[in-house]
Protein chains: 2
Amino acid sequence: MGDRSLEDNAKILKLLGDKTRLAMLGLLMINECCVCEFVDIFKMSQPAISQHLRKLKDAGLVKENRRGQWIIYSLNRENAFFPMVRDVLKHVPSQEEKFIWLEQQGLRISCD
Amino acid sequence: MGDRSLEDNAKILKLLGDKTRLAMLGLLMINECCVCEFVDIFKMSQPAISQHLRKLKDAGLVKENRRGQWIIYSLNRENAFFPMVRDVLKHVPSQEEKFIWLEQQGLRISCD
DNA sequence: TAAACATATAAGAACTTACTTATATAATAA
DNA sequence: TTATTATATAAGTAAGTTCTTATATGTTTA
């Protein structure tokens with residue numbers, strides 16, 4: 001039965017069902033981002049941010065790339081569930097203002 | 001900030017992030033359905049089913065209609081998040097086989 | 001090399017979730 | 001009216017989630 005696939009979909013949706021992770025994905029849809037930027041944006045402890053990113057990485061939704069001392073996270077557009085995530089994010093308010101705010105604070109690290 | 005709306009989106013996605021509720025919505029996208037049919041389909045206790053439906057109803061995603069002794073649940077297509085739910089379900093395997101199975105078992109109640 | 005910075009991991013606490021069993025409510029049928 | 005059927009609610013429990021603080025790892029800079 002196709003219930004295995006349904007279950008996989010549900011797992012991805014559960015990951016999206018947290019406002020921090022949903023916003024993270026919204027941000028990554030616009031641009032890659034490093035951990036310390038997420039910390040500034042969400043005003044959340046660094047371990048809390050790391051743990052959210054770990055979940056997204058374990059699901060294969062994001063990938064990491066070390067750039068010097070920073071670890072830059074980006075969307076994994078090859079993931080089987082990426083099309084669903086993209087479609088979900090079309091219904092979610094744009095997170096662009098958060099990048100703008102980051103830039104205004106002089107806290108921007110990763111540039112495109 | 002638009003974070004209130006983001007949070008609302010996340011709440012809906014959290015509801016979809018459970019395989020039983022996700023399948024329920026997939027079924028309701030095809031046809032309305034009563035509680036006892038859900039019980040047969042998911043082979044789950046009646047209170048468990050009722051509690052899942054309650055959450056979907058509290059979020060405004062489904063509505064109920066009494067038909068005699070049965071309470072028939074259907075999608076609330078007027079809900080602000082319905083378009084997102086519809087788009088999500090496009091990425092989820094069809095639940096139609098569950099209705100077919102129900103019919104084969106002679107357990108179908110609600111007809112369209 | 002030592003200090004500072006960026007990130008990850010571990011352990012634990014508070015809260016939430018998804019069941020369970022028992023019981024209440026409402027409609028129908030005998 | 002009584003029994004049966006369909007559904008909801010309540011209370012309790014086990015497991016899961018999301019933080020916290022403390023610490024470890026890896027990189028850069030002085």
Side-chain angles (χ1 to χ4, degrees), chain A residues 3 6-7 10-25 28 32-59 61-74 102 105-111, chain B residues 3 6-7 10-25 28 32-59 61-74 102 105-111:
Chain A
D3 281 6
L6 178 97
E7 212 168 324
K11 274 182 195 150
I12 297 294
L13 290 164
K14 176 176 286 186
L15 285 177
L16 304 198
D18 173 276
K19 65 178 194 289
T20 302
R21 287 191 298 263
L22 187 60
M24 281 174 162
L25 291 168
L28 293 179
E32 48 185 28
C33 202
C34 77
V35 180
C36 61
E37 289 174 319
F38 282 131
V39 169
D40 292 330
I41 287 171
F42 295 112
K43 294 165 188 68
M44 199 178 270
S45 78
Q46 176 269 318
I49 295 292
S50 263
Q51 284 156 19
H52 281 301
L53 288 169
R54 177 71 137 83
K55 291 183 182 186
L56 294 175
K57 200 187 66 173
D58 284 351
L61 293 181
V62 306
K63 48 191 180 180
E64 53 178 38
N65 263 89
R66 183 173 280 277
R67 186 132 81 224
Q69 55 188 334
W70 296 288
I71 294 179
I72 311 287
Y73 281 83
S74 57
L102 196 66
Q105 307 299 308
L107 296 170
R108 191 65 172 275
I109 305 279
S110 49
C111 307
Chain B
D3 281 6
L6 178 97
E7 211 168 325
K11 274 182 196 149
I12 296 295
L13 290 164
K14 177 176 285 184
L15 284 178
L16 304 198
D18 172 278
K19 64 178 195 292
T20 302
R21 288 190 298 263
L22 187 60
M24 281 173 161
L25 291 168
L28 293 179
E32 47 185 27
C33 201
C34 76
V35 181
C36 61
E37 289 174 319
F38 282 130
V39 169
D40 291 332
I41 287 171
F42 294 113
K43 294 165 189 68
M44 200 178 271
S45 78
Q46 177 269 317
I49 294 293
S50 262
Q51 285 156 18
H52 281 301
L53 288 168
R54 177 72 138 84
K55 290 183 181 188
L56 294 175
K57 200 187 67 173
D58 284 351
L61 293 181
V62 306
K63 49 190 180 180
E64 52 178 39
N65 263 89
R66 182 173 282 275
R67 186 132 79 225
Q69 58 189 142
W70 296 287
I71 294 178
I72 311 287
Y73 280 85
S74 57
L102 197 67
Q105 308 297 309
L107 296 171
R108 190 63 171 277
I109 305 278
S110 50
C111 307

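This structure is a prediction, so every number in the text was calculated from the model and none was measured. Each chain gets a letter, A, B and so on, in the order its sequence line appears, and its residues count up from 1. These values consider heavy atoms only, across backbone and side chains, with no hydrogens, waters or symmetry-generated copies.
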Once you round it to whole Å, what is the distance between C1' of D:dA6 and CZ of B:F38? 15 Å
Do any side-chain nitrogens or oxygens of B:H52 fall under 4.0 Å of OP1 or OP2 in C:dT17? no
Please tabulate, one pair per line, all N/O donor-acceptor pairs under 3.5 Å involving side-chain atoms of residues 39-47 of chain B, not counting sequence neighbours.
residue: B:S45; atom: OG; partner: B:A48; partner atom: N; Å: 3.2
residue: B:Q46; atom: NE2; partner: B:S50; partner atom: OG; Å: 3.2

With B:Q69 via side chain to side chain contact (heavy atoms under 4.5 Å, CB included) - residues at least two apart: none
Looking at residues at least two apart in the chain, or sitting in another chain, which of them share a side chain to side chain contact (heavy atoms under 4.5 Å, CB included) with A:K55? A:L15, A:R21
The salt bridge (charged side-chain N to carboxylate O under 4.0 Å, His left out) partners of A:K11 (sequence neighbours excluded) come to none
Between the side chain of A:E37 and the main-chain N/O of A:C34, is any donor-acceptor distance below 3.5 Å? yes
Once you round it to whole Å, what is the distance between C1' of D:dT7 and CG of B:L56? 16 Å
Quick one: B:K43 NZ to C:dC19 P, roughly how many Å, whole number? 15 Å
When every nucleotide of nucleotides 6-11 of chain C is labelled 5' to 3' by its protein contacts under 4.0 Å (heavy atoms), B for base, S for sugar-phosphate only, - for none, what sequence of letters results? SBBBB-
Could you identify which residues of residues 10-25 of chain A place a heavy atom less than 4.0 Å from some atom of DNA chain D, listed by residue number, or say none? A:K14, A:D18, A:R21
Residues two or more places apart in sequence or in another chain: which of them pass side-chain hydrogen bond (donor to acceptor under 3.5 Å, both in side chains) with A:R66? none
Does a salt bridge link B:R67 with B:E32, judged by any charged N lying under 4.0 Å from a carboxylate O? yes
All side chain to side chain contact (heavy atoms under 4.5 Å, CB included) counterparts of B:K14, not counting sequence neighbours: none
Provide, to the nearest angstrom, the distance between the CG atom belonging to B:D58 and the P atom belonging to C:dA18. 13 Å
